[in-house]
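Numbering of ligands and ligand atoms starts at 1, following listing order.
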Amino acid sequence: MKKPDLSVEIAGIKMRNPVMTASGTFGYGEEYSSYVDLERLGGIVTKGLSLRPKAGNPMPRIVETPGGMLNAIGLQNVGIDAFIEKKLPFLRTVNTPVIVNFFGNTEDEYAEMAERLDKIPEVSGLEMNISCPNVKQGGIAFGSRPDAAYSVVKAVRESTIKPVIVKLSPNVSDIVEMAHACADADADALSLINTLTGMAIDLKNRKPVLANVTGGFSGPAIKPIALRMVWQVARAVDIPVIGIGGITKATDALEFLLAGATAVQVGTANFITPGVTENIVRDMERYLVENRIADVKDLIGALQA
Ligand SMILES: Cc1cc2nc3c(=O)[nH]c(=O)nc-3n(C[C@H](O)[C@H](O)[C@H](O)COP(=O)(O)O)c2cc1C
C-alpha cells in the first residue's frame, strides 16, 4: 500500500497531518526543537499572548494529581512585541503552520491583538482563548456567556482576514450553545477543550496547594469529558473542530477524529514525553497502514453512534 494521506485542512490552513501542539505546553516552539522535528507536526500553537507582557500568578502554580495536573500559570507571556522581536525569527525558519493563541481583558484588547497579528505574514491562524475574565463585565469569562462570546468573536472577526479559531472552555453548562454563538459570529473553527477548573488541598497545612487556590485541570483524566464535548459540538456546527484534552498517544488522537475533530492538539503529554507529538504522528501513520486506511480524513466523524 502506498503511504496514507495524513493531510487535513482547517479554514484554509493546510497541515501535513492532524497533530498540533496545545497552547501553553510547547512554549513558542523553539524550546522543543531539540526534542521534536517541528516539520513533522501538523501545526504549532504558541503560548497565549497579550498586548503587554504578563508575569503570571505567584508560586506554587503547578501540582500533579492522579491522571493529570493542575496549573495556575496565570497566562504568563512575553507580550506581542517581544514575540515579534524574539520568538518569530525562529518560527520563520520552520516550515509548519504557526497558530498564535492570544487573549485580552476587554473586547478592544482582543480586537487590537487580532489587528496586530493580522499583519504578520508568518502567522497562519489566530486561536482566541476566551476563558479569561472580561474586566468590563465584572470578571465573568468571555467564554462562559454566549452573548459575550458572540460579541468578542465578532470584534476579532472584523479585525483580521486570517483564520479565527475560538478555543472553548469546558467550564460551562452548555458547550453547544457556546459553539453556536462563536459560529454565528463567523469563527472559522473551534478548538476544545481548555482546562477544567479544579483545586488541590494540602491536608497537613489545611491550605490550598496552589497559591491561586484554584487551577486548570488537564491531562489523561479529562479525555472522556473532552471526547464527549467534541462529539456534541462537531455534530452541532458546520465549522471544523480541533479536539484537545488528555491526548498522550495516536489512538487517543484517532478517537477524537472519530468523534468529529478534523485535527487535535497535544498538551500536558509534552511535559512527560517532550517528543510525544512526533511519536503520535509516526504511530498514526502506522495505524492507517495496518488498518488499510488510505486517507485519515475518512475517519473524521466516522463514529458509529
Ligand atoms: C501549563 C499549561 C499552560 C496552558 N496555557 C494555555 C494558554 O496560554 N492558552 C490556552 O488557550 N490554553 C492553555 N492551556 C490549555 C491547553 O492548551 C489545553 O487546552 C489543556 O491543557 C487540555 O489539553 P491536555 O489535557 O492535552 O493538556 C495550558 C495548559 C497547561 C497545562
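Neither the backbone nor the side chain of N77 has a heavy atom within less than 4.0 Å of ligand 1. Counting heavy atoms under 4.0 Å from ligand 1, residue N194 touches it through both backbone and side chain. If you look at N71 next to ligand 1, the close heavy atoms, those under 4.0 Å, all belong to the side chain.
Using a 4.0 Å cut-off between charged side-chain N and carboxylate O, K204 and D202 make no salt bridge. No salt bridge links E107 with K154; every basic N to acidic carboxylate O contact stays at or beyond 4.0 Å. A salt bridge links E255 with K223: the closest approach of a Lys/Arg side-chain nitrogen to an acidic carboxylate oxygen falls below 4.0 angstrom. Under a 4.0 Å N-O distance rule, the pair R16/D5 does not qualify as a salt bridge. Between R52 and D81, no side-chain nitrogen of the basic residue sits less than 4.0 Å from a carboxylate oxygen of the acidic one, so the salt-bridge criterion is not met.
With no hydrogens or angles considered, no side-chain donor-acceptor pair links Q265 and T21 at under 3.5 Å. Neither side chain, N171 nor S144, offers a donor N or O lying under 3.5 Å from an acceptor on the other. In this model, a donor atom of one side chain and an acceptor atom of the other lie less than 3.5 Å apart for S218 and T268.
Looking at atom 11 (O) of ligand 1, its nearest protein heavy atom turns out to be N101 ND2, 2.9 Å. Nearest protein heavy-atom neighbour of atom 23 (O) of ligand 1: I244 CG2, 3.4 Å. Protein heavy atom at the shortest distance from atom 5 (N) of ligand 1 is K47 NZ, 3.2 Å. Among protein heavy atoms, the minimum distance from atom 21 (O) of ligand 1 is reached at S218 CB, 3.3 Å. Counting only heavy atoms of the protein, atom 20 (C) of ligand 1 lies nearest to T195 CG2, 3.8 Å. The single protein non-hydrogen atom nearest to atom 3 (C) of ligand 1 is G24 O, 3.4 Å, given as residue, atom name and distance.
Below 3.5 Å of separation, one finds an N or O of G246 facing an N or O of ligand 1. Looking at ligand 1, you'll find an N or O of G267 within less than 3.5 Å of one of its N or O atoms. Checking only distances, S23 does come within under 3.5 Å of ligand 1, N or O to N or O. At under 3.5 Å, a nitrogen or oxygen of N129, whether backbone or side chain, sits near a nitrogen or oxygen of ligand 1. An N or O contact shorter than 3.5 Å links G219 to ligand 1 by distance.
For the residues Q265, K167, R61, the heavy atom positioned nearest atom 19 (O) of ligand 1 is part of K167.
Each of the following atoms of ligand 1 lies closer than 4.0 Å to a heavy atom of A22: 17 (O). The atoms of ligand 1 that sit less than 4.0 Å from any heavy atom of G48 are 8 (O). Taking every heavy atom of G245 and a limit of under 4.0 angstrom, the matching atoms of ligand 1 come to 23 (O), 25 (O).
Under the side chain to side chain contact (heavy atoms under 4.5 Å, CB included) rule, E122 has a single partner from L88, L91, I84, which is L88.
Proximity of A269 to ligand 1 is not established, as no heavy-atom distance is less than 4.0 Å. Ligand 1 has at least one atom lying under 4.0 Å from a heavy atom of I193.
With hydrogens and angles ignored, the 3.5 Å screen pairs a side-chain donor or acceptor of S159 with a backbone N or O of A155. Side chain of N17 to main chain of R40: a donor-acceptor pair is present (N/O by atom type, distance under 3.5 Å, no hydrogens or angles). With hydrogens and angles ignored, the 3.5 Å screen pairs a side-chain donor or acceptor of R61 with a backbone N or O of N57.
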